[in-house]
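Let me begin by presenting the structure, written as structure tokens, before commenting on it.
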Amino acid sequence: MYRRSFLTLLGGGALVWPRTLEALSRRLESGGAPDDEAFWAEVRAGFLIAPDRIYLNNGTLGPSPRVAVDAVAEHTRRVAATFPEGVNWDDLKQSVSALAGGDPAGFVFPRNTTEGMSFVANGMDIGPGDEVVTTDHEHIGGKEPWRLATTRRKARYTVVKLPVPAPSSQALADVVWSGVSPATRVVMVSHLTFTTGTVMPVVELARRCRDRGITLAVDGAHPPGMMRMDIGALGGDFYASSPHKWMLAPEGNGMLWLAPQWRTRLWPTLASGGWDDLSLGAQRFNHLGTFDESRMAGLIASAEFLQLIGIDRVEARVRHLRGILEGGLRSIPGLSVVTPEDESLKCGMVSFKVAGVDSLDLQVHLARVANVRTRVISEYDYGFMRLSTHVYNRPAELERVLELLADAAKNGVPKRGSTT
Ligand SMILES: Cc1ncc(COP(=O)(O)O)c(C=O)c1O
């Protein structure tokens, strides 16, 4: 019941809102190029985003398409009705695996990256004198589980400083590796940093870690749903993500993939029946007690929505929009982009600073004059403004924001809290 194939629904009329999907699927044969605005207008019509809202913060939370919202509502109604069938784990695992790679059996569904990474850090046998190496571009959701584990177990927590903007993948790998010592047990990095949108050299780091018997834990909050990828082929030991970001799932959808060797080795953090039944593999970690399964019905629907469009089309559109934004940003005097120039080192996010303008003031200004939602990276005192682009954004919105930014760089913006 929970697997709601769009193609079935299109014919079945069970969906409250089949029009856009029909239109989309009709256009799929010939349309969907990154600049095919008629096609992408159909995609935008599949969201509930208010027409005047310029939403450029998918990096924090992705707005769910209507089909995912409907799936959550329908699940809730069914439970109330009441058909407590429970989530179909196989469908769920297939849906995320089809979009982000990784064999279905390796998936666990916590609420978010924070919880997934906590399962990892808490479940490893780290002891006094061991070391965890990470970077100065990690989000609290990825790094704090390791700070807790190392503090509690008297292990060392080492932070290396990444170059900004990153010059090359090789330079990033070498800098991370400069922090590694004979005591290093774990390296934890983002797949794509939340600060500057930089793609980290995960494959290369996984290779180096394997050679030295070091565990690689990847904070993959962003890439699934943003780009074509294969979690398994990256070669890391753990991959924690938040489908409520780029996979556009409803809030409270996390996922964690465990490499095969860890499915029987990691200690569970939450214990319920079967936690010690190693024949269950990674499924041991899905025994979380009673929880809201409607979020998972929503996740299946949003994953299928993206699959219907096709992840290659999605990525091409995401890059196209980010390219429009980034090209414009780079041409504004006084504005410096901190996201790398090399296309292979970025995808759907671009960060920058405007000389003489506090990014938080700028954020308030953009929200006030044009209903724009941005993210300011205040963490580590970076003070960058970050913009994310996803399939529902429109070039006209980006042009409007660029106009406002050019004006801000030239004339400044009011201080927060001022009335002018
Ligand atoms: C890189 C990265 N890791 C972890 C997180 C935490 O995600 P969540 O709040 O879904 O656990 C975020 C959230 O923005 C993030 O950007």
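By convention here, the first residue in the shown sequence is residue 1. Each ligand, and each atom within it, is numbered from 1 in the order the structure gives. Treat the numbers as computed from the prediction; the structure is a model and nothing was measured.
The shortest contact between atom 7 (O) of ligand 1 and any protein heavy atom is with S242 OG, 3.6 Å.
Remark: ligand 1 atoms within the under-4.0 Å shell around heavy atoms of H222 are 1 (C), 15 (C), 16 (O). With ligand atoms numbered from 1 in the order given, ligand 1 contributes 7 (O), 12 (C), 13 (C), 14 (O) to contacts under 4.0 Å with heavy atoms of K245. Using a 4.0 Å cut-off to heavy atoms of A221, the atoms of ligand 1 that qualify are 1 (C), 2 (C), 3 (N), 4 (C), 15 (C). Listed by number with element, the atoms of ligand 1 under 4.0 Å from a non-hydrogen atom of N112 are 8 (P), 10 (O), 11 (O). Listed by atom number, the atoms of ligand 1 under 4.0 Å from T114 heavy atoms are 6 (C), 8 (P), 9 (O), 11 (O). The T113 neighbourhood of ligand 1 comprises atoms 4 (C), 7 (O), 10 (O), 11 (O), with distances under 4.0 Å to a heavy atom of that residue.
Contact annotation: the side chain of F238 approaches that of L266 to within less than 4.5 Å [non-hydrogen atoms, C-beta and beyond]. The closest side-chain heavy-atom distance from V69 to P250 is not below 4.5 Å. The shortest side-chain heavy-atom distance between L308 and L306 does not fall under the 4.5 Å cut-off.
Distances shorter than 4.0 angstrom do not occur between any heavy atom of R111 and any atom of ligand 1. Look at D219 and you'll find a heavy atom under 4.0 Å from some atom of ligand 1.
With no hydrogens or angles considered, no side-chain donor-acceptor pair links N57 and R375 at under 3.5 Å. E131 and S181 are linked by a side-chain donor-acceptor pair at a separation below 3.5 angstrom, with hydrogens and angles left out of the test. Side-chain contact, T196 with S351: no donor N or O sits under 3.5 Å from an acceptor N or O.
With a heavy-atom cut-off of 4.0 Å, E138 does not touch ligand 1 at all.
Side-chain atoms of D407 do not come within 3.5 Å of backbone N or O of L402 as any donor-acceptor pair.
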